[in-house]
Engineer: 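Would you mind keeping the following structure in view while I ask a few things?
Numbered from 1 within each chain, the chains take letters A, B, ... in sequence-line order.
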Amino acid sequence: GDSVTQMEGPVTLSEEAFLTINCTYTATGYPSLFWYVQYPGEGLQLLLKATKADDKGSNKGFEATYRKETTSFHLEKGSVQVSDSAVYFCALSDRNSNYQLIWGAGTKLIIKP
Amino acid sequence: NAGVMQNPRHLVRRRGQEARLRCSPMKGHSHVYWYRQLPEEGLKFMVYLQKENIIDESGMPKERFSAEFPKEGPSILRIQQVVRGDSAAYFCASSPTAGANVLTFGAGSRLTVL
């Protein structure tokens with residue numbers, strides 16, 4: 001079945017460092033891909049999405065490109081801030097349903113000042 | 001707009017007790033979804049409800065788990081006779097229409113079974 005694999009955390013970086021959180025997927029067909037973020041004590045928020053191959057999603061300085069050839073959707077940011085500390089989830093839409101999402105396990109990001 | 005409200009945020013139960021988790025969707029949202037996150041795993045879909053109807057319960061365990069979304073009041077996820085394996089974070093999401101692109105999630109309810 002479809003699945004999502006994320007790099008394990010926690011990922012610890014210094015402020016202004018470059019961030020990459022890897023996400024690869026296995027799916028039949030052409031799912032949509034998502035990154036969600038959960039800040040401490042808050043709900044999951046949609047960070048960005050891409051609906052077809054080569055699309056680039058971007059928001060708040062974060063970017064991810066839908067790479068069909070490598071089945072990847074890596075999250076990147078050029079210069080992280082302490083306020084980016086959170087748990088990041090990669091997900092894809094189930095091909096049989098437009099409301100079920102298949103999720104990675106989440107990657108905790110810690111940014112030190 | 002208060003967003004999706006879940007309560008309690010933390011719930012502790014002993015084996016054999018019942019757990020009730022509540023979810024109030026965003027104002028104007030009539031679609032509610034429940035997901036469960038077991039330790040070290042991603043979220044797993046459980047059930048999709050609209051007002052007074054269960055649309056898809058394909059992710060619900062066959063026994064002990066039930067969900068409802070009455071005409072008035074919050075959606076309830078009920079777990080009877082809890083076991084330690086039920087310990088997890090339970091997330092609720094809502095949307096104005098059916099579609100994964102428009103889900104708004106709550107902060108989750110963490111259930112611990114002693």
Engineer: Run the ring pair (Phe, Tyr, Trp, His ring centres under 6.0 Å) check on B/Phe105 and A/Trp103 step by step: do they pass?
Structural biologist: CA-CA 14 Å; B/Phe105 281 84; A/Trp103 298 77; 5.6 Å; yes
Engineer: By the definition ring-ring contact (aromatic ring centres under 6.0 Å, His included), identify the one residue from A/Phe62, A/Tyr36, A/Trp35 that meets it with A/Tyr88.
Structural biologist: A/Phe62
Engineer: Does a salt bridge link A/Lys112 with A/Glu15, judged by any charged N lying under 4.0 Å from a carboxylate O?
Structural biologist: no
Engineer: Give a yes or no on whether the ring-centroid distance for B/Tyr48 and B/Tyr33 is below 6.0 angstrom.
Structural biologist: yes
Engineer: Quick check for you: among B/Arg9, B/Gln6, B/His31, which has the greatest number of heavy-atom pairs under 4.5 Å with chain A?
Structural biologist: B/Arg9
Engineer: Measure distances from A/Gln6 to the heavy atoms of chain B and classify the residue's part below 4.5 Å as side chain, backbone, both or neither.
Structural biologist: neither
Engineer: Using non-hydrogen atoms only, which part of B/Gln37 is less than 4.5 Å away from chain A: side chain, backbone, both, or neither?
Structural biologist: side chain
